[in-house]
There are 2 protein chains.
Amino acid sequence: MPDILEDADRLCAKTGARLTPLRRRVLELVARANAPVKAYDLLSQIDRTNTSAKPPTVYRALDFLIDAGLVHRVEALNAFVACPQAGHGHAAMLYVCENCANVTEVQGARPGQDHKPDGFTVKRSVIEHYGLCANCL
Amino acid sequence: MPDILEDADRLCAKTGARLTPLRRRVLELVARANAPVKAYDLLSQIDRTNTSAKPPTVYRALDFLIDAGLVHRVEALNAFVACPQAGHGHAAMLYVCENCANVTEVQGARPGQDHKPDGFTVKRSVIEHYGLCANCL
DNA sequence: TTTTGGTATGTAATAACATAACATGTTTTG
DNA sequence: CAAAACATGTTATGTTATTACATACCAAAA
Ligand SMILES: [Zn+2]
Ligand SMILES: [Zn+2]
Ligand SMILES: [Zn+2]
Ligand SMILES: [Zn+2]
């Protein structure tokens with residue numbers, strides 16, 4: 001399996017984004033968890049190596065990673081997951097198991113097709129679109 | 001237009017849910033705003049008539065209203081909207097205008113079909129499905 | 001009618017999540 | 001190098017949500 005960190009290095013090299021050690025460390029922590037991670041959990045993990053880490057430290061790193069397309073925010077959980085396909089167009093659907101917390105990311109929501117992972121049983125869906133209404137366009 | 005509060009009364013009468021004065025008041029406040037409302041805004045509005053209102057007061061009322069299918073939580077905004085069709089099956093999609101804050105709720109979430117309101121331009125979508133994965137079923 | 005059980009609300013405290021504002025350091029670029 | 005741009009450190013505070021326990025209320029059972 002292609003390493004998420006190497007992909008991130010490549011992607012950032014291409015786009016000019018600066019994947020600093022701190023940001024890379026946060027990405028590593030998010031990617032290593034195979035479940036959505038909370039910001040303050042990341043913070044306490046960073047703290048083990050860098051006592052100066054404070055909330056803005058981790059939120060800024062996460063903002064960078066999200067902008068770079070390396071991490072997604074899971075809105076209904078206030079948590080974060082690493083994107084398995086860094087740099088894709090980014091209309092991603094997440095399938096989150098409420099038992100084991102595993103997240104499957106599906107891309108390219110083509111109308112009509114159902115991209116639901118095999119065997120996944122959906123209990124609740126969050127579907128929110130943000131943009132401009134006809135009046136405000 | 002049929003009154004949301006009357007619909008709520010009817011629905012609760014049918015299901016046996018107890019739409020108490022406090023809950024009805026919160027629903028009224030959510031319904032009157034024609035935009036997503038924050039819990040603490042509701043709280044301060046309740047406070048004008050009921051000085052004893054505290055955070056659990058409004059969160060409990062909102063939980064009830066959500067369970068009853070009268071209100072939806074807008075996950076990416078930490079806010080709440082009244083459901084225009086109380087009691088529908090409830091896989092709702094929300095289209096939120098980032099300029100005027102108007103929310104359009106569309107139902108019948110066949111993930112394939114596109115129910116986008118006419119003229120709405122989507123900039124960002126939040127699509128999260130919660131349930132059980134194949135391993136955990 | 002008293003007791004009991006269930007549901008709703010009151011109340012205090014705190015947990016959990018997130019950002020503002022400003023200072024300091026580090027890298028890039030002209 | 002110097003200036004500008006970017007990144008991080010630091011303090012404080014703002015915002016959102018829950019826990020835990022007490023009290024009130026209502027209706028059925030004893
Ligand atoms: Zn992705
Ligand atoms: Zn699972
Ligand atoms: Zn609805
Ligand atoms: Zn609008």
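In what follows, chains are A, B, ... by sequence order, proteins preceding strands, each numbered from 1.
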Donor-acceptor contacts, no H, no angles, side chain residues 21-35 of chain A, under 3.5 Å, sequence neighbours left out:
unit_1, atom_1, unit_2, atom_2, d
A:R23, NH1, A:R18, O, 2.8
A:R24, NE, A:D9, OD1, 3.1
A:R24, NE, A:D9, OD2, 3.4
A:R24, NH2, A:D9, OD2, 2.8
A:R25, NH2, A:Q45, O, 3.4
A:E28, OE2, A:R32, NH1, 3.0

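- Following rounding to the nearest Å, A:D63 (CG) and D:dA7 (P) show an atom-to-atom distance of 12 Å.
- Contacts classified as ring pair (Phe, Tyr, Trp, His ring centres under 6.0 Å) and involving residues 35-69 of chain A (residues at least two apart or in different chains) are not found.
- Side-chain contact between B:R10 and B:K14 is absent, with no heavy atoms from C-beta onward closer than 4.5 Å.
- Only A:R18, A:T20, listed by number, bring a heavy atom of residues 10-20 of chain A to less than 4.0 angstrom from any atom of DNA chain D.
- Residue A:T57 places no side-chain N or O under 4.0 Å from the OP1 or OP2 atom of D:dT8.
- To the nearest angstrom, P of C:dT11 lies 13 Å from CG of B:L43.
- Contacts between residues 29-40 of chain A and DNA chain C, defined by a heavy-atom separation below 4.0 Å, involve A:K38, A:Y40, listed by number.
- Looking at A:D63 and A:R60, no side-chain N of the basic residue comes within less than 4.0 Å of a carboxylate O on the acidic one, giving no salt bridge.
- When the side-chain nitrogen and oxygen atoms of B:R60 are compared with OP1 and OP2 of C:dG10, none of them lie within a distance under 4.0 Å.
- Using modelled atom types, one side-chain atom of B:K116 and one backbone atom of B:F120 make a donor-acceptor pair closer than 3.5 Å.
- Distance, A:L42 CG to C:dC17 C1': 13 Å, rounded to whole Å.
- Phosphate contact (OP1/OP2 of C:dT11, side-chain N/O of B:S52, threshold under 4.0 Å): present.
- With sequence neighbours excluded, no residue satisfies ring-ring contact (aromatic ring centres under 6.0 Å, His included) with B:Y130.
- Not one side-chain nitrogen or oxygen of A:Y59 sits closer than 4.0 Å to the OP1 or OP2 atom of C:dT19.
- At whole-Å resolution of the value, CG in A:L65 and C1' in D:dT8 are 15 Å apart.
- In this entry the distance linking NZ of A:K54 with C1' of D:dT13 reads 15 Å, nearest Å.
- One atom, CG of A:L62, and another, C1' of C:dT19, lie 14 Å apart when rounded to the nearest Å.
- Where A:L77 and B:P55 each meet DNA chain C at their nearest nucleotide, the meeting point lying more 5' is that of B:P55.
- For the pair B:E75 CD and C:dC17 P, the computed distance is 14 Å after rounding to whole Å.
- Between the CG atom of A:L22 and the P atom of D:dC6 there is a distance of 18 Å, rounded to whole Å.
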Donor-acceptor contacts, no H, no angles, side chain residues 65-83 of chain B, under 3.5 Å, sequence neighbours left out:
unit_1, atom_1, unit_2, atom_2, d
B:H72, NE2, B:H90, NE2, 3.0
B:H72, NE2, B:E105, OE1, 3.3
B:H72, NE2, B:E105, OE2, 3.0
B:R73, NE, B:E75, OE1, 3.1
B:R73, NH2, B:N78, OD1, 2.9

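- When the side-chain nitrogen and oxygen atoms of A:N78 are compared with OP1 and OP2 of C:dA18, one or more of them lie within a distance under 4.0 Å.
- Put simply, CE on A:M93 and OG on A:S125 are 10.5 Å apart, with the number rounded to the nearest 0.5 Å.
- In this structure, CG on A:L62 lies 10.0 Å from CG on A:L43, to the nearest 0.5 angstrom.
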